[in-house]
Participant: 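Supplied in structure tokens, the structure appears directly below.
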Amino acid sequence: MAVKVTLLNYTPNPEQTVAMAAKLCYSPSGIEDIRDGLTEEKTASFIEMLADLGHASPTEHVSFTFGIEGISRACSHQLVRHRIASYSQQSQRYVDGTKFDFVTPPEIAKNEKALAAFNRVIEQQTEAYREIRDALAAGYIRGLTGDSNDDDAAVMERFKAEKPKQFSAFVKKANEDARFILPNASTTKIVCTFNARSLQNFFAHRCCNRAQWEIREVAEQMLLLCLEVAPHLFKNCGPSCLFGPCPEGAMSCGKAKEVRAKYRRGE
Ligand SMILES: Cc1cc2nc3c(=O)[nH]c(=O)nc-3n(C[C@H](O)[C@H](O)[C@H](O)COP(=O)(O)OP(=O)(O)OC[C@H]3O[C@@H](n4cnc5c(N)ncnc54)[C@H](O)[C@@H]3O)c2cc1C
């Protein structure tokens, strides 16, 4: 499955909410009339003013919740490094590891030799996962029942029929250790919630050409979804080179002009 990002929920009227917070800072308004006069135009001008001043805290009042699927564990590990956000990720303890899908990086997919090696190892790892999981689970069962049958599958099947709840607990305990063999390529699903200020920082880092291709794809999809519901708030979002020289120095992709053209969105 390809990377897929869904905007699950967001603060209602996100731009008006940010504009209300800004208005409170810069006008004598009270809470009772804070909404008054906040036309779309006025809202946009408050948001623009905040961006010009670098006054970012009002953008912390709105948050966006995304469902992300079809990404690898390699990608999700980078995502969760963004500390100013909340995450809930599919557990490798409660989900059977033999059923995980794997992400094949496009560069590997188009290289016959690399792809053959990749697929071979993935298959071996899946098989090893199954063997480890079954050996551990059958061992726990034998420890409880004294079952002397050598065949792990037979031991598991019998116990499953007799004590399904305890069987499931033993399998989860076995999954806990068997998952150590799962590759970074295993797919995962994650729900995350960012406020708009943290998202702006996320987009600056992860829409950059220097970010890994998979998290860049995630960031680009997230940004497009944000633009649909809060176009003024996210208007200037994208990699850092949109606003000045590339901060990557010697590691720069050297394509700032193309990147700016892509993110300026027709300006
Ligand atoms: C191209 C690229 C390459 C990378 N390579 C590596 C790598 O090789 N190794 C590696 O470990 N990571 C790497 N990272 C991850 C990077 O170092 C950050 O951990 C990640 O991008 C999260 O960014 P952040 O800290 O700005 O975000 P958040 O954690 O969401 O923090 C947002 C902002 O809050 C502030 N903040 C948060 N926590 C603190 C704190 N404890 N103290 C002070 N200020 C804080 C900072 O201003 C920060 O920018 C890489 C990232 C990118 C984009």
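Values reported hereafter were calculated over all heavy atoms of this structure, with side chains retained and with hydrogens, waters and symmetry mates removed.
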Participant: Is the F118 to F102 ring centre distance short of 6.0 Å?
Facilitator: no

Participant: Report the relative orientation of the aromatic rings in H82 and F202; use parallel for angles under 30°, tilted for 30 to 60°, perpendicular for over 60°.
Facilitator: perpendicular

Participant: Taking V155's backbone N and O only, do any of them form a donor-acceptor pair with R158's side chain (distance below 3.5 Å, no angle check)?
Facilitator: no

Participant: Check this for me: Q166, atom CD, are more than 12 non-hydrogen atoms of other residues, nucleotides or ligands nearer than 6.0 Å?
Facilitator: yes

Participant: Would a distance-only check, ignoring hydrogens and angles, find a side-chain to backbone donor-acceptor pair under 3.5 Å from Q212 to I215?
Facilitator: yes

Participant: Got a donor-acceptor contact below 3.5 angstrom from the N195 side chain to the S198 backbone?
Facilitator: yes

Participant: Can Q124 and Y129 be counted as having a side-chain donor-acceptor contact under 3.5 angstrom?
Facilitator: no

Participant: When you group the ILVMFWY residues by side-chain heavy-atom contacts below 4.5 Å and let the links chain together, are L8 and Y87 in the same group?
Facilitator: no

Participant: Can you list the steps and then say if R197 with N201 is a side-chain contact (heavy atoms from CB on, under 4.5 Å)?
Facilitator: CA-CA 7 Å; R197 183 180 188 177; N201 176 60; over 6 Å; no

Participant: When you look at F194 and F203, which way does the ring pair (Phe, Tyr, Trp, His ring centres under 6.0 Å) test go after all the steps?
Facilitator: CA-CA 11 Å; F194 283 70; F203 295 140; 8.1 Å; no

Participant: Are L136 and F170 in one and the same hydrophobic cluster, where Ile, Leu, Val, Met, Phe, Trp and Tyr link if side-chain heavy atoms are under 4.5 Å apart?
Facilitator: yes

Participant: Quick one: does NZ or CZ of K42 land under 6.0 Å from the six-membered ring centre of F46, within 45 degrees of the ring axis?
Facilitator: yes

Participant: Under a single-linkage definition using a 4.5 Å side-chain heavy-atom cutoff for Ile, Leu, Val, Met, Phe, Trp and Tyr, are L223 and I68 assigned to the same hydrophobic cluster?
Facilitator: yes

Participant: For E123, does the CD atom sit with more than 12 other heavy atoms under 6.0 Å from it, leaving out its own atoms?
Facilitator: no

Participant: In the single-linkage hydrophobic clustering (I, L, V, M, F, W, Y; side-chain heavy atoms under 4.5 Å), do I84 and M222 co-cluster?
Facilitator: no

Participant: Donor-acceptor check, side chain of S168 to backbone of P164, threshold 3.5 angstrom: yes or no?
Facilitator: no

